[in-house]
Amino acid sequence: MKENILLIGFMGVGKGTIARAFAREYGIYNIDTDDLIESKENRRIPKIFEKFGEDYFRALEQDTAKWLEKSVKGTLISCGGGFYKVDNINKIGKVVYLDAPFEWIYNRLSTAKNAESKLAKRPLFQDLKKAKALYKERKKAYKKVADLIVDVKDKDEKQIIKEIAKFVGIK
Ligand code: S3P
């Protein structure tokens with residue numbers, strides 16, 4: 001696989017889970033933009049938001065996007081929920097939007113084994129009303145940059161990764 005694949009979508013939709021399953025099945029590497037930022041800053045996301053604010057975090061995402069475009073090939077990249085805003089996303093690789101209703105996402109997060117930590121590590125998921133408004137606001141924007149939209153509700157992991165593999169031409 002020469003091109004990168006980027007998984008985008010709302011917080012908690014399962015980008016990381018799908019990325020790991022895909023990487024294992026097709027023998028490729030996957031990286032995560034939040035992990036890259038945390039290791040570069042040597043701070044967790046909530047700390048970065050708390051200390052420097054959201055704009056600073058968005059600038060880090062843009063720097064990361066430039067680096068990905070220049071330096072990374074043939075990799076599956078799972079993206080933070082706001083990463084779609086970087087101005088070069090479509091130059092990094094094929095963009096796959098994982099879509100699901102807000103209620104499904106919230107249910108997935110809140111019934112997870114480690115629900116508390118899953119919610120705590122997401123500063124923009126602290127207030128349910130605000131998170132829902134953000135979801136509404138972003139839905140169109142995700143679709144706009146997507147090369148493929150995958151509806152993940154009612155599908156199992158295997159089906160989802162097959163759909164993505166088919167689209168990018170992996171057998
Ligand atoms: C964000 C999503 C988070 C993380 C940060 C901001 C967002 O990533 O990048 O908390 O703006 O939607 P996940 O989508 O992996 O939760």
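Order of listing sets the numbers, starting from 1, for every ligand and every atom in it.
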Residues K143, I149; criterion side chain to side chain contact (heavy atoms under 4.5 Å, CB included); working and verdict: CA-CA 7 Å; K143 287 188 174 163; I149 300 168; 3.8 Å; yes

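- Atom 14 (O) of ligand 1 has its closest protein heavy atom at K15 NZ, 2.5 Å.
- Pairing each heavy atom of A65 with each of I92, the nearest pair is O-CD1, 3.7 Å.
- The heavy-atom pair separating I8 from V145 by the smallest distance is CD1-CG2, 3.7 Å.
- With respect to atom 10 (O) of ligand 1, the closest heavy atom belonging to the protein is P123 CD, 3.5 Å.
- For the residues G82, A131, G12, the heavy atom positioned nearest atom 7 (C) of ligand 1 is part of G82.
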Donor-acceptor pairs under 3.5 Å, side chain of residues 56-63 to any protein atom, not counting sequence neighbours: which ones?
from : atom 1 : to  : atom 2 : distance (Å)
Y56  : OH     : E41 : OE1    : 2.9
R58  : NE     : E54 : OE2    : 3.1
R58  : NH1    : E61 : OE1    : 2.8
R58  : NH2    : E54 : OE2    : 2.9
Q62  : OE1    : D87 : N      : 3.0
Q62  : NE2    : D87 : OD1    : 3.1
Q62  : NE2    : N88 : OD1    : 3.3

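- Of the charged side-chain nitrogens involved, at least one lies within less than 4.0 Å of a carboxylate oxygen, so that K47 and E50 count as a salt-bridged pair.
- Between R138, K121, K118, R122, it is R138 that holds the heavy atom closest to atom 12 (O) of ligand 1.
- The proximity of F125 to ligand 1, defined as any non-hydrogen pair under 4.0 Å, does not occur for either the backbone or the side chain.
- No more than 12 heavy atoms of other residues, nucleotides or ligands lie within 6.0 Å of OH in Y106, so this atom counts as exposed by the packing criterion.
- Residue pairs meeting the salt bridge (Lys or Arg N to Asp or Glu O under 4.0 Å) criterion with at least one member in residues 105-119: none, sequence neighbours excluded.
- Of all protein heavy atoms, the one closest to atom 1 (C) of ligand 1 is G81 N, 3.9 Å.
- For ligand 1, none of its N or O atoms has an N or O atom of C79 under 3.5 Å away.
- The protein heavy-atom contact nearest to atom 11 (O) of ligand 1 is R58 NH2, 2.6 Å.
- The distance from ligand 1 to the heavy atoms of I45 drops below 4.0 Å at these ligand atoms: 5 (C), 10 (O).
- Protein heavy atom nearest atom 4 (C) of ligand 1, with residue, atom name and distance: D34 OD2, 3.3 Å.
- Between the CD atom of E137 and the CG atom of L134 there is a distance of 5.5 Å, given to the nearest 0.5 Å.
- Those atoms of ligand 1 that come under 4.0 Å of a heavy atom in L124, given as number and element, are 7 (C), 11 (O).
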